[in-house]
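Notes follow the structure.
By convention in this document, chain letters (A, B, ...) are assigned in the order of the sequence lines, proteins followed by strands, and residues within each chain are numbered from 1.
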Amino acid sequence: MTGALLSVEGLVVAYGPMPALRGVTFSVGPGEVSALFGPNGAGKSTLLKAIIGLVPIRAGRIRFDGQAIEGMAVERRVALGLGYAPEGRRVFAGMTVRENLEVASPAARPERARRIAEIYRLFPALGENATANAWQLSGGQQQMLAVGRALIAGSRLLLLDEPSLGLAPKTSRDLLASIRSIAAAGTSVLFAEQKVPAALQVADHAVVLRAGEIVHAGRADAASAQTIMERSFLGA
Amino acid sequence: MSAIQLTANGLALGASYALVALGFVLIVNATGAVNFAQGDLAVAGGFLTVALAGVVNLPGVVLLPIAMVAMAGFGVAFAYLAYFPLRHQPPATVFISTIAFGIVLENGANGLFGAAPRLGPPLLPGGPVELSGLILPRQSLAIVAVTCVLIAGLQFVLMHTQFGRRLRATAQDAEMARAVGIPVGAMIAWTFALAIGLAGAAGMLLSNQFFIAPGDGTNLMLKAYIAVTIGGWGRIWGAVAGALIVAFFETILAVLLSQSAAEMFLYLAVLVVLGLRPRGLLGETIGRRA
Amino acid sequence: MPTAWRKNAARAAAGLNPLYAAGTVFLVVYALVFADSYDQRILAIAGIYALLVIGYQLVFGHAGAISLAQAAFFGLGAYVTALLATRLGLPFLVTFPASLAAAAALAALVALPVLRLESHYFALATLAIGQAALAAAVNWESLTGGGGGLGGVPPVSLFGFAITRGVWLLALIWGLVAVGGAVAWLLIRGPRGLAIRAAREAPMAAGAVGIDAGRMRFTLFVLGAAYGGGAGALHAHLLGVVSPEVLRLPVMVSCLAMTIIGGRTRVAGAIIGALLLVHLPEWFRFAERFGPLVYGLALLATIIAAPDGLTGAAARLRQFLWPGAPPPPPEIPPRAGSLSHAPASTELKVSDLSKRFGGVAAVRDVSFTLRGGEILGLIGPNGSGKTTILNLITGIERPDGGRIVLNGEDIAGWNPHRIARRGIGRAFQTPMLVESMTALDNVALANQTALNARAYYPGRRLADARAEAASFLDRLEIGSSAMHRRVAELPHGARRRVEIARALAAHPRILVLDEPAAGLDENEREALRSTLRDLAAQGMALIVIEHDFHFLSGLASRLICLDAGQVIAQGTADAVRRNRLVVAAFFGPTPGEDGAP
């Protein structure tokens, strides 16, 4: 696919304690939101980690903006504009909200402050708790912080691993809705998710992984919800 | 010994222990490695100032930053020799490599300077200070003041600079720090620089107040280790508090009983503390992951 | 059986590294022919340190605990011998066992509070023991002679014959090294060796197959101390004086350095480390006061170049010089035997089980009954409490309330190894394996029969355990070449199967599996399903956590769906799958749509 921001071709992650990926090929276009579905152990987290560089790959290519990045160190991928929020948030618990955002920013001070203000506009709850320690935040606020931190580190493609995990229904809806605003500002998003109907409301594309392979890829709309749930959950 | 002198001695000793312990904590937080050479590195800093004072005639306060920078550079070399080659080995291996490095340092100092205790340059020239009728030992005051400045400086760097934030993020969750683009390897090397710079300062301060000998490193390290454990593993203010507790315990008991009795009771106290509170007197780091 | 003995002896000889054989011959010739009395004395000291280090290897190498108290046990042994010999005039045959016993007794006394401490706290506590002992020796002058120590310790005297020097002294000390080495070697060989390694490297997995890691640590710590006491006793006899020097940190550092340089787990390593480091200062005499510096540099260089010590390097060198064939694969018994001998009479009754973490109720009033031959599927979104339930059943977590009754016995709150021994096996969400071991040994270590049999030679018991392990692995489609590879090199799917084989090797009546299909491909899943079905057909009871409905339907006889720690639905796979609460729990509410799958 030409013009893709991220393109993954024949990605294989094979050895060690990670669930395997067996030749995964797909792409994410500029400004697009793609949702990644599939049961636990299908390889969703492994795929996101391989893209950001936290897991070594055995074969395949990962191109970002036309450039092969599969051999690059994580810092360089982040510098190119990839941001990553892991499963379980992993905010820097002993640092304040503002510090969590500052530490991820590669920019100099005035630009940094401007970007942080943007994050506060996106997630007002973070601005209100700017000086609170991250461990004092609620689960939903921590997730916002993890997303905000990823966005500050790399703002061209955001990789989110199960952002709604463990959140109350309302919070989880709000969080998924914020993905739309992030995309509207020009950032592409690839996110792994279990909550199919809610995720489909914000995604343009849906990719379903099962046992390390893509079993379905297509436009994300309400009509496809049934198919996706069956493919990911029931393996039909 | 008067109460004032006793207090001044305890404070000065505690201040030096605190600097060794702080470096120890910085390294533990950033790498999980217990640096057993921290005491010997402090002694190396002390001998460095002894050597410098023999070459140039400058007051201690001027030599101090020179020694700290040199020791910080040495700290980076230390990291590349004793830590980085073994960073994927079990923590015990790094522990042993730092012990080996400590032996090298101790015997290097012994070979170069001999085993006899040496006196380092004073921070400020001059006798005791008289303050509203009280005679205060000038060096002890200077040591406490310099330590306060260094701790405040460390606190400022860690809390209020981007560099410090990156160090802290690396210490809290190295993989996540990497994932937001922080060059974790460089941060760890800087941590060693900072930690061993502080150890160098401690060595210089001790060398004037208490003399310094090549074999002192082990004792310093043990005291710092105790301070850090009592203060709650990995906590900066805990380490400072622990260092003061150890120093006063030691100073007071040495006067009441004897130096070796004080040692014995200190270690017995450590055993009792660990028996009652397996994670130290002041507890383990809070909220590592909420 | 003399033939069996001969065969075993031949096998042991074949396993001997030719490099060590050559070294031994060289040393014996050197000691008898070339060494003068000073050299012989140095060799005697090296033997004493070898004993100290063999004991330390049990603690540091095998139990994996960085103890810094070994010098304290050494010193205690020395003082006990000196006191008993000089004050009471007791003979060696009394003082030597007394020194061993005193050190072991001190270790047993401190072990209870100290062994539960975690790594660095443990190191500090053991260091404190040593330093307190040192200060006591200096202070308690009436007993210990203070800084000056105790003089006039007589040489070892056996049957009226005083052994002061020369070949007889070497024979005594190195004879004791040989005995001590053989005891340690027998202790760590065979199935027990595998269990010790598992307890050190993967304690959770060890507990899950019934290995009591705590008891193992205790035994090794106490035994290691006894070696230290014995070495100290010999040291007192050899020098004739005991001073607080024997308790100072340099003794501990030497012991540690010898262990690292020689190797942490091999007896040969203790001997090589001791010989080398005792002689090193002699060789570097010419460097005068920089001699000890060279010593430190040698230590540092060894750690960086050969983190597993010289014996590890020697093993690699041997492999390079004589690249022998890989060990012959054990004979695999025919497939006829069944995977499980679990009686169908098993009954597990869980009632009102509850667990809170902080303020959060992870499991709330969960009740179910499971019988032999049944497969219970446990489903629910992430964080719904599935894994916590398994942790409560297998003893990794203690329940806050409720009962877990296995065949009439309430096992709630028991330690994991006890529960495992009652017949509950476990596979973890991320396979927990002993990464440095082969797949075969990962399975063999779970063989409790082989571990506990006292009857015959450990090498033979290990062979039996491996043969049985091979048959389990074979039936889980792990081929004989993969069996002999370290598990760290195996792909994810194979690792899962190794873990299931390990659980089966402990002969459980109930097997609990946490997402066994995660990360497997279609073929592997199908194979796993049929294995689980077979196990149930043979009378085993299974609990399977899974996210993949397809995997469970047609497999599980019953499903329980959890949400927020509570059971929200249970019944057949079909019924649960159609339940709206279940669909909503997994995928969230479906906006503007009534239809559920």
Side-chain angles (χ1 to χ4, degrees), chain B residues 28 32 34 36 81-82 85-86 88-112 114-115 215 218-219 222 225-226 228-230 233 257-280 284, chain C residues 60 64-66 110 112-114 116-140 146-147 201 244 248-250 252-254 256-257 259-261 264 287-305 307-308:
Chain B
V28 158
V34 170
F36 215 82
L81 278 170
L86 301 167
H88 300 299
Q89 300 281 341
T93 309
V94 177
F95 183 67
I96 311 290
S97 87
T98 61
I99 289 181
F101 207 96
I103 296 176
V104 172
L105 283 174
E106 178 180 337
N107 292 300
N110 201 9
L112 289 170
T218 312
N219 182 48
L222 294 180
Y225 199 156
I226 295 172
V228 171
T229 311
I230 288 179
W233 199 251
L257 305 165
S258 72
Q259 183 63 40
S260 64
E263 294 263 311
M264 185 173 74
F265 283 109
L266 177 63
Y267 288 108
L268 288 178
V270 168
L271 281 175
V272 170
V273 165
L274 286 176
L276 297 176
R277 298 197 48 127
R279 286 168 172 273
E284 187 101 339
Chain C
F60 176 67
I66 307 185
V110 296
L112 292 174
V114 161
R116 69 191 172 116
L117 298 174
E118 287 162 42
S119 56
H120 42 259
Y121 296 106
F122 176 77
L124 180 67
T126 51
L127 190 62
I129 291 168
Q131 296 292 307
L134 169 63
V138 173
N139 276 300
W140 199 352
E201 291 181 32
R248 286 195 197 280
L249 211 57
M252 188 61 238
V253 169
S254 300
L256 197 55
T259 313
I260 296 294
I261 288 194
R264 293 175 199 194
E288 291 177 22
R289 55 184 185 170
F290 287 100
L293 178 75
V294 180
Y295 173 95
L297 284 173
L299 183 58
L300 192 59
T302 313
I303 297 161
I304 292 168
D308 51 354

### Message
Need one label for C:Leu297: side chain, backbone, both or neither, based on atoms under 4.5 Å from any heavy atom in chain B.
### Response
both

### Message
Which one wins on heavy-atom pair count under 4.5 Å against chain C: B:Ile99, B:Leu222, B:Thr98?
### Response
B:Leu222

## Note on the structure
Okay, B:Phe265 and chain C: the region with an atom under 4.5 Å from a heavy atom over there is neither

### Summary
Shortest non-hydrogen pair, C:Ala135 vs B:Met264, comes out as CB-CB, 3.2 Å

### Task
Go through the atoms of B:Ser258 and report whether side chain, backbone, both or neither lie under 4.5 Å from a heavy atom of chain C.
side chain

### Shortest non-hydrogen contact from C:Ala123 toward B:Tyr225
CB-OH, 3.5 Å

### Query
Only one of B:Leu271, B:Val228, B:Ile226, B:Ile230 clears side-chain contact (heavy atoms from CB on, under 4.5 Å) with C:Leu124; which?
B:Ile226

#### Entry: Which atoms of C:Leu256 approach chain B - backbone, side chain, both or neither, heavy atom under 4.5 Å
side chain

### Min side-chain heavy-atom separation C:Arg264-B:Thr93 under 4.5 Å
yes

### Message
Using the rule side-chain contact (heavy atoms from CB on, under 4.5 Å), only one of C:Leu300, C:Ile261, C:Ile260 pairs with B:Ile96; which is it?
### Response
C:Ile260

### Segment of B:Thr218 engaging chain C (4.5 angstrom heavy-atom cut-off)
side chain

#### Entry: Contacting moiety of C:Phe122, where chain B heavy atoms sit under 4.5 Å
neither

### Task
Pick one of side chain, backbone, both or neither for C:Leu134, based on which atoms fall under 4.5 Å of a heavy atom in chain B.
neither

### Query
What part of C:Ala132 is in contact with chain B, defined as an atom under 4.5 angstrom from a non-hydrogen atom: side chain, backbone, both or neither?
both

### Query
Who wins among C:Leu293, C:Leu249, C:Val114, C:Leu112 for the most heavy-atom pairs under 4.5 Å with chain B?
C:Leu293

## Note on the structure
Bottom line for B:Leu274: the part with an atom under 4.5 Å from chain C's heavy atoms is both

#### Entry: Heavy-atom pair count under 4.5 Å with chain C, highest-scoring of B:Pro85, B:Ser97, B:Gly114, B:Ala100
B:Ala100

